[in-house]
Amino acid sequence: MLSKVDSAATFAADSGGNFLVTPGIGLMIWTLIAFAATFFILRRYAFPFIQDALDKRQKAIEAAIEDSERARAEAAKLLEEYRQRLREARTQSDEIELRARKAAEEHQHEVVEAAKRNREELLEQTRRDVEAETRRAIQELRNEVADLTVLATEKVTRKALDEADQRRLVEEALGELDFSALSGEGR
């Protein structure tokens with residue numbers, strides 16, 4: 001049995017597998033002719049469509065890249081513009097806050113000054129009223145003293161004094177009284 005297997009392997013090696021390892025000239029020529037014809041047909045009809053499809057794809061990719069670059073540049077520009085506006089808004093809000101503080105401080109200062117002026121005016125008016133009332137009271141007191149002096153003199157002398165005597169007595173009595181202590185002038 002061994003000899004039959006060995007002889008079959010030898011026969012297969014001699015006749016069947018040898019044509020692929022050592023091709024013949026005719027087979028090579030026909031293969032080259034088939035390759036050249038296929039290449040010519042592909043080049044004439046298929047490659048232009050493939051090249052067009054590849055060119056279109058390349059142009060689409062380049063356009064997409066350009067669009068994305070443009071969009072990125074526009075987005076960066078918009079971002080910078082947004083940041084600039086945000087900085088401006090912050091600056092404006094700081095300025096508004098500062099102006100509001102200054103206005104509040106000025107208003108507070110004005111209110112305090114107005115209150116001080118009002119207080120001073122009230123104090124001055126009160127002083128004037130007190131002085132006027134003091135003068136009026138002193139004048140009334142002088143009149144009362146004069147009347148009392150005249151009455152006391154009439155009772156003591158039991159006679160009526162003429163106007164010149166009354167005036168002289170009143171002036172003497174008033175001269176002896178110290179009204180400056182009553183008016184606060186001696187302080």
Side-chain angles (χ1 to χ4, degrees), residues 34-151 166-187:
F35 177 76
T38 305
F39 182 74
F40 176 75
I41 292 172
L42 287 175
R43 183 174 177 155
R44 177 81 181 203
Y45 298 107
F47 285 167
F49 293 118
I50 293 171
Q51 188 63 40
D52 286 343
L54 288 175
D55 289 344
K56 286 179 185 176
R57 179 69 179 155
Q58 182 180 2
K59 287 178 183 175
I61 290 171
E62 288 173 355
I65 289 172
E66 287 175 5
D67 288 344
S68 68
E69 284 295 320
R70 217 174 340 187
R72 186 194 62 76
E74 187 174 326
K77 180 182 173 185
L78 288 174
L79 179 62
E80 183 57 34
E81 185 177 315
Y82 169 76
R83 287 179 178 163
Q84 179 64 29
R85 286 185 181 172
L86 186 60
R87 283 190 294 269
E88 289 173 1
R90 284 183 181 153
T91 303
Q92 287 177 354
S93 69
D94 290 343
E95 289 174 2
I96 289 170
E97 181 182 352
L98 182 63
R99 279 186 270 155
R101 280 188 187 153
K102 284 183 180 179
E105 288 173 1
E106 287 176 10
H107 181 68
Q108 180 183 7
H109 182 68
E110 288 173 3
V111 166
V112 167
E113 288 299 317
K116 284 180 182 178
R117 282 192 307 270
N118 194 15
R119 185 189 70 189
E120 291 297 323
E121 288 172 5
L122 287 174
L123 285 173
E124 186 60 33
Q125 182 63 36
T126 304
R127 281 188 202 115
R128 284 192 302 261
D129 290 347
V130 166
E131 287 176 5
E133 191 62 32
T134 303
R135 273 186 261 138
R136 190 184 59 77
I138 288 174
Q139 189 59 39
E140 285 180 13
L141 187 60
R142 282 184 172 193
N143 291 339
E144 285 289 322
V145 167
D147 289 342
L148 287 173
T149 304
V150 169
L151 237 117
Q166 283 181 2
R167 187 167 281 166
R168 184 182 49 80
L169 286 174
V170 168
E171 292 297 326
E172 286 176 6
L174 290 177
E176 293 174 4
L177 289 177
D178 185 17
F179 288 105
S180 64
L182 293 175
S183 67
E185 294 172 2
R187 290 183 222 169

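The structure presented is a predicted model; accordingly, all values stated were derived computationally and were not measured.
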Please assess E69 against R72 for the test salt bridge (Lys or Arg N to Asp or Glu O under 4.0 Å), listing each intermediate value before the final yes or no.
CA-CA 5 Å; E69 284 295 320; R72 186 194 62 76; 3.4 Å; yes
Could you give the distance from CD (E124) to CG (D129), rounded to the nearest 0.5 Å?
10.0 Å
Rounded to the nearest 0.5 Å, how far apart are CZ of R44 and CG of L42?
13.0 Å
Distance from L123 atom CG to N118 atom CG, nearest 0.5 Å?
10.0 Å
Give a yes-or-no answer on whether the side chains of Q125 and R128 include a donor-acceptor pair shorter than 3.5 Å.
yes
Please determine whether side-chain contact (heavy atoms from CB on, under 4.5 Å) holds for the pair V130 and R127, giving the CA-CA distance in whole Å, both sets of side-chain angles, and the decisive distance to 0.1 Å.
CA-CA 5 Å; V130 166; R127 281 188 202 115; 5.7 Å; no
Can you confirm whether the side chains of Q84 and E80 place a donor and an acceptor under 3.5 Å from each other?
no
Between E97 and R101, is there a side-chain N and carboxylate O pair less than 4.0 Å apart?
yes
F47 and Q51: CA distance, side-chain angles, deciding distance, side-chain contact (heavy atoms from CB on, under 4.5 Å) verdict
CA-CA 6 Å; F47 285 167; Q51 188 63 40; 5.8 Å; no
Electrostatic pair E81-R85, nearest N-O below 4.0 angstrom
yes
Calculate, to the nearest 0.5 Å, the distance between atoms CD1 and CZ belonging to I50 and R57 respectively.
15.5 Å
Once you round to the nearest 0.5 Å, how far does OG of S68 lie from CD1 of I61?
11.5 Å
Is it true that atom CD of Q108 has more than 12 heavy atoms of other residues, nucleotides or ligands lying nearer than 6.0 Å?
no
Are more than 12 heavy atoms from other residues, nucleotides or ligands located less than 6.0 Å from atom CZ of R90?
no
Under a 4.0 Å threshold between the charged nitrogen and the carboxylate oxygen, would E120 count as salt-bridged to K116?
no
Is the closest basic N to carboxylate O distance between K77 and E74 below 4.0 Å?
no
State the CZ-CG distance between R83 and L79, to the nearest 0.5 angstrom.
4.0 Å
From CA spacing to verdict: side chain to side chain donor-acceptor pair (under 3.5 Å), E62, Q58
CA-CA 6 Å; E62 288 173 355; Q58 182 180 2; 3.2 Å; yes
Please examine the side chains of T91 and E88, heavy atoms only from C-beta on, and report whether any two atoms are closer than 4.5 Å.
no
